[in-house]
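Protein chains get the first letters and strands the later ones, always in sequence-line order, with residue 1 at the start of each. The figures that follow rest on heavy atoms only: side chains count, while hydrogens, waters and symmetry mates do not. Here the structure is a predicted model, which is why all the values come from computation and not from measurement.
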Amino acid sequence: MKHESAIREPLIIGNKSLHDITEDIAKPIETSANKWWWSLFVVSVVAMLWGFGCIFYTIGTGIGVWGLNNTIGWAWDITNFVWWVGIGHAGTLISAVLLLFRQKWRLSINRSYEAMTIFAVIQAAIFPGIHMGRIWVAYFVLPIPNQFGSLWVNFNSPLLWDVFAISTYFTVSLVFWYMGLIPDFAMIRDRAVKPVFKKAQNFKEKISNFIKEKTSRYNIYSILSFGWSGRAKHWQRHEVMSLVLAGLATPLVLSVHSIVSMDFATSVIPGWHTTIFPPYFVAGAIFSGFAMVQTLLLVMRKVVNMESYITIQHIEMMNIIIMVTGSIVGIAYITELFIAWYSGVEYEQYAFLNRATGPYWWAYWAMMTCNVISPQLMWFKKLRTSIVFTFILSIFVNIGMWFERFVIIVTSLHRDFLPSSWSMFSPTFVDIGIFIGTMGFFMVLFLLYSRTFPVIAQAELKTILKSSGDNYKKKKK
Amino acid sequence: MYIFTKNTQIICLSLIMIGLIAIGYGFYSASKTHYSDDEIKEKVKSISYNLASTKNSQDINKAKYDSHHGSKKHKFSDLFHAVEKELHCHFSEEEIASAESIDDVIYITKHYFHAKKQRPWSSLFASNLFFLMISLAGLVWLAVQYISQSGWSASLLRIPQAVSAFLPYGGIIMLFIIITGALHWHHTFHWMDSSLTYEYVVEESMQTDHPIYTNEKGDGIISNANYDYIIAGKTAYLNIPFFILRAIIYLLGWCLAAFLLRKFSLKEDLEGGVKWHNKMFTVSAIFIVFAAVTTSTAAWDWIMSIDTHWFSTLFGWYSFASFFVSACAVIAIITIHLKYKGYLENVNENHMHDFGRYLLAFSIFWTYLWFAQYMLIWYANIPEEVTYYQIRFESYHILIIIALILNFLNPMLLIQDRDAKRLKGQVLFVAILILIGHFIDVFVMVMPGTVGTHWHLGFVEIGTFLGYLGFFTFVVLRSLSSVPLDQKNHPMLIESKHHHI
Amino acid sequence: MSKEKVIYGLYDDDDIILDAVKAIREKGHHIDEVYSPFPIHGLDHAMGLKHSRIAITSFIYGCIGASCALLMFWYMMIYDWPMIIGGKPNFTLNENLPAFIPITFEMTVFFASHLMVITFLIRCGLYPGSSSTSPDPRTTDDKFLMEIHVDEDAKKVKKIKDLMKKTGAIEIKEKE
């Protein structure tokens with residue numbers, strides 16, 4: 001780590017010392033929020049509450065309140081599910097893969113990636129949950145015998161694979177994230193002042209002292225940090241454990257989005273059954289995850305003053321990955337189209353012709369423009385280092401990836417084998433409301449996170465200060 | 001500077017000799033025991049006639065014996081056995097069970113001899129494809145090091161450069177195989193047979209050696225019994241001129257990238273500075289884009305089109321994963337070889353650790369793609385797709401199991417552990433097994449579509465593989481010995497030297 | 001038995017403390033602990049700590065997870081209530097294995113990661129409510145603390161203190 005090539009750009013700018021890093025990262029937690037934060041928070045809470053209202057309406061009335069019909073049995077719900085799961089995949093994959101490949105630039109952003117992962121998976125899990133209709137019997141998906149005899153769950157079903165995959169993914173990501181957070185919580189704890197109280201005179205004061213003590217920053221972060229004290233042996237174990245967790249998480253991420261794709265690909269529906277789906281969904285997930293994280297980080301680095309740590313170089317690196325994964329996704333689209341023609345199977349051929357020229361042509365071409373063409377602009381260094389352009393493009397990619405799932409799901413279903421049952425889909429206000437609600441919920445979680453958690457993995461970041469900090473690099477030259 | 005010693009040269013040359021003998025023997029034995037279609041027809045008919053005259057008397061007793069023992073003996077099994085004896089051939093149980101008439105017996109016998117004639121070509125094709133694509137994947141590996149700005153590998157980049165030196169040699173043989181296929185010397189790509197792609201045939205020309213096929217109806221034109229509408233639907237892509245043109249484009253593009261990357265890195269040695277490094281970065285980025293498309297299309301052309309009816313969207317990525325792991329294994333093997341010889345003083349167990357990771361990660365990735373393709377086709381069970389795996393799981397299951405053990409369990413168990421990844425000997429052992437495993441994988445990709453169930457992994461195939469191994473090693477090591485082994489001015493050399501995990 | 005003394009040396013740079021650890025160990029003293037705000041590369045080796053075996057436990061847990069998964073499929077789908085679903089007969093485990101592999105993999109990862117993390121927390125004595133044992137709160141910020149236990153022997157204590165001073169310690173403290 002010590003010997004770094006001179007041609008690498010510094011990753012930490014602004015002449016930071018170790019103590020400066022501590023100060024900068026603790027600052028958002030120790031100060032109160034500004035009005036930008038509050039206004040975003042209020043908007044998000046309103047959206048979230050609106051979404052919750054729609055969810056309660058759905059559960060109370062039934063999923064007939066959505067725009068589904070007999071032909072199109074899956075539409076916005078599963079589109080949103082796959083979209084959120086896709087976003088939720090980038091985080092752990094990025095931090096795990098980049099850890100295995102020892103890409104140092106990951107250190108400033110991996111914490112927020114992983115946070116985004118966890119929050120996005122929570123949004124994703126809402127959709128299959130409410131799609132069950134009777135959510136109170138959701139425990140039927142667990143491998144427990146039912147009450148009428150020992151009839152078990154069907155392990156042949158990709159939907160059950162999803163249950164196992166997503167719950168494993170969620171818990172493992174959570175643990176991976178939390179284990180990284182422990183030393184940083186300890187840092188916040190050690191900066192907080194242990195509250196000292198006057199001796200309580202009466203019962204009321206006793207109660208108030210008790211509450212004050214328990215809710216003091218010191219006490220909360222002390223509990224969160226699990227008593228971490230930074231011993232050498234603990235650090236050694238921690239490093240090995242992080243590496244093994246990364247090694248486990250990498251194939252796990254691949255498997256989870258592959259299993260999501262198998263919900264479609266194991267079927268015999270033209271447009272769904274193609275073997276490229278598993279790796280292509282994974283590439284798409286990284287693509288959309290990076291786009292979402294760009295959107296969030298570009299705002300966050302401004303709001304909590306992290307420009308020294310999330311530099312233009314970080315943004316450029318992420319843009320390059322967006323470009324690469326966008327191209328992979330593009331190759332997959334073209335492969336699908338070509339093989340559909342090459343197969344000589346008329347149903348396959350029609351399914352793809354219908355996507356591009358049928359009644360949903362606009363969705364297909366929105367997807368193509370946003371996902372394949374627009375990331376190619378990143379070949380220009382000027383554009384990929386421009387913050388405004390990056391922000392706009394990341395939103396384009398988010399939209400494009402939503403359309404990708406919509407195209408796969410709705411256009412493959414809406415014209416099935418019987419022309420008499422061909423149909424179109426139009427969403428109701430409930431469909432839209434729930435989607436907006438999940439975006440609000442996601443933002444609420446992320447905003448809370450950005451004020452209460454150390455948003456950068458400061459302990460890890462300190463390890464590269466000497467090799468990648470601008471002041472240290474200059475000295476060496 | 002690496003010195004290509006006499007001893008190593010002799011080993012390579014003797015491997016090449018073995019290969020030449022094996023290929024020569026393969027062609028010799030295929031032509032010696034070959035019967036033309038008409039000969040087979042005559043022979044089978046006469047055998048069947050002879051059999052019928054001697055069999056009548058024994059038939060009744062035999063039938064009793066069979067029914068008593070409950071064996072379901074097929075009515076043509078005697079004929080098959082007689083043909084086997086007379087013409088020195090061999091039939092599987094399934095083939096014997098599938099025959100329903102004398103014509104079927106003739107058809108199956110013909111099939112056997114076609115496969116026999118095809119066998120040396122298929123083995124040549126499989127070995128050539130394997131080493132050509134390893135060479136390409138080695139070049140991709142090199143380009144990936146540049147575009148990902150990897151520091152650790154900076155002191156061993158001459159090795160992937162040398163691996164890519166095999167590209168023109170393998171490329172020329174590939175073109176030779178394609179062109180001879182177009183001349184109908186062999187049937188590796190059976191869609192090249194024009195009798196399959198035309199709907200009609202001129203009746204008069206049918207008895208001649210070269211029937212005239214057409215797509216237009218007219219006087220004296222009858223419908224073509226061999227017409228295959230699925231293959232005919234693919235002629236816009238699978239036709240001989242376009243096929244050869246594509247092959248030339250791929251090979252020229254790859255060779256150009258290999259040439260430029262080598263030239264620039266030699267220039268960098270002389271002149272220094274980051275100028276050449278940045279140029280190589282640009283070349284690598286453009287090459288990766290080109291390779292991303294052409295590795296898929298080359299896999300469709302050269303491998304997937306062998307089983308012409310079959311299609312799989314994943315196929316290009318899956319087969320490239322196979323070649324990429326093999327290239328990692330080859331680069332690791334050469335590095336370890338050089339290390340044993342006392343070269344590459346900057347390379348230590350930390351670099352081994354990285355090779356171990358590469359091998360493990362991409363072996364898992366290959367297994368993932370293998371499983372994804374297999375499981376989806378198995379699960380959906382659609383006839384037009386599932387036939388691909390049917391023949392493989394019926395006749396090639398031993399090879400598939402061996403390949404999965406060598407390509408997945410082997411790295412999983414042997415280099416999972418951190419300390420194991422840092423041992424030269426262990427990484428070498430695993431890499432060699434992976435190389436063998438992936439050759440078997442390529443063998444299973446190529447053979448079922450060309451020689452069907454009559455496959456062998458005998459002297460011809462193994463000899464050809466060994467010959468290619470010698471050829472490849474010779475080309476690569478000679479290329480390695482012609483330039484200084486250590487780069488002088490790579491800007492990340494310092495990171496590679498002090499690389500520590 | 002004589003009373004034990006604890007000497008703390010505070011450093012402000014990771015390279016300096018790494019060299020200090022090496023120098024002090026060379027003189028034959030045992031270093032009991034180093035508290036640092038981030039992992040120092042090569043420190044465990046310099047202090048003479050053994051390799052962590054936590055990765056091996058993870059491998060074992062993974063094997064247990066895979067076996068549990070296979071046992072579960074066998075019991076639920078083959079032994080207890082076999083059914084033909086979607087043309088896939090559940091009569092033997094291997095006939096239907098491709099459909100079982102995804103969950104087998106998930107269970108392997110689930111067991112391997114969670115049980116490993118639990119092992120880590122137990123071995124390090126970390127749990128919610130446990131309080132920090134670091135003698136100086138600055139060690140989670142930018143300072144590094146070396147801890148050496150010695151018998152109450154003024155000469156030896158002095159020797160170690162001098163060594164610490166020489167190797168760049170900015171603060172040296174002593175505790176009974």
Name the atoms and distances for all side-chain donor-acceptor pairs under 3.5 Å in residues 106-116 of chain C, with sequence neighbours left out.
unit_1	atom_1	unit_2	atom_2	d
E106(C)	OE2	S255(A)	OG	2.7
T108(C)	OG1	T104(C)	O	2.6
S113(C)	OG	V109(C)	O	2.5
H114(C)	NE2	T171(A)	OG1	2.9

How far apart are the closest heavy atoms of F120(C) and H234(A), and which atoms are they? CE1-O, 4.0 Å
At a heavy-atom separation under 4.5 Å, does V172(A) approach chain C through its side chain, its backbone, both, or neither? both
Counting only heavy atoms closer than 4.5 Å, note whether L248(A) contacts chain C via side chain, backbone, both or neither. both
Which of the residues S157(A), A249(A), P143(A), S17(A) is involved in the greatest number of heavy-atom pairs with chain C at under 4.5 angstrom? P143(A)
Would you mind checking which part of L43(C) comes under 4.5 Å of any heavy atom in chain A, side chain (CB onward), backbone (N, CA, C, O), both or neither? side chain
What are the two closest heavy atoms between A459(A) and F38(C), and how far apart are they? O-CB, 3.0 Å
Part of P158(A) lying under 4.5 Å from any heavy atom of chain C: neither
Please check if the side chain of E33(C) supplies one atom and the backbone of A232(A) the other of a donor-acceptor pair under 3.5 Å. yes
Out of I223(A), L245(A), N156(A), which one racks up the most heavy-atom pairs below 4.5 Å with chain C? N156(A)
Point-to-point distance, once rounded to the nearest 0.5 Å, from CZ of F100(C) to CH2 of W161(A): 10.0 Å
Counting heavy-atom pairs under 4.5 angstrom with chain A, the leader among T133(C), D141(C), T139(C), D44(C) is D141(C)
Looking at K233(A), R237(A), R191(A), M179(A), which has the largest count of heavy-atom pairs under 4.5 Å with chain C? R237(A)
One should read off an interatomic distance between T140(C) OG1 and D184(A) CG, to the nearest 0.5 angstrom, of 9.5 Å
One should read off an interatomic distance between D190(A) CG and D136(C) CG, to the nearest 0.5 angstrom, of 9.0 Å
Atom group of V153(A) that falls short of 4.5 Å from chain C, counting heavy atoms: backbone
In sequence, state the C-alpha distance, the side-chain angles, and the governing distance for F155(A) and M76(C), and then conclude on side chain to side chain contact (heavy atoms under 4.5 Å, CB included). CA-CA 9 Å; F155(A) 288 104; M76(C) 292 181 188; 3.6 Å; yes
Check side-chain hydrogen bond (donor to acceptor under 3.5 Å, both in side chains) between T266(A) and all other residues, then give those that pass, not counting sequence neighbours. none
Tell me which donor-acceptor pairs under 3.5 Å the side chains of residues 46-65 of chain C have, and how far apart each pair is, sequence neighbours excluded?
unit_1	atom_1	unit_2	atom_2	d
S52(C)	OG	I54(C)	N	3.2
T57(C)	OG1	I54(C)	O	2.5
Y61(C)	OH	T119(C)	OG1	2.8

Closest heavy-atom pair, K462(A) versus P37(C), reported as atoms and distance to 0.1 Å, is NZ-CB, 4.4 Å
Under a 4.5 Å cutoff for heavy-atom pairs, which residue among I188(A), N154(A), I259(A), L224(A) has the most contacts with chain C? N154(A)
Atom NE2 of H149(C) with >12 non-hydrogen neighbours under 6.0 angstrom: yes
Listed by residue number, which members of residues 121-132 of chain C have a heavy atom under 4.5 Å from any heavy atom of chain A? L121(C), R123(C), C124(C), L126(C), Y127(C), P128(C), G129(C), S130(C), S131(C), S132(C)
Below 4.5 Å, heavy-atom pairs only: which of M262(A), E23(A), Q458(A), R189(A) has the largest tally toward chain C? R189(A)
In terms of heavy-atom proximity below 4.5 Å to chain C, should M187(A) be classed as side chain, backbone, both, or neither? both
What's the verdict on side chain to side chain contact (heavy atoms under 4.5 Å, CB included) for T463(A) and I40(C), showing C-alpha distance, side-chain angles and the deciding distance? CA-CA 7 Å; T463(A) 62; I40(C) 300 169; over 6 Å; no
So do D20(A) and D142(C) actually touch side chain to side chain, heavy atoms under 4.5 Å? no
Nearest atoms (heavy-atom pairs only) where W235(A) meets S36(C): NE1-O, 2.9 Å
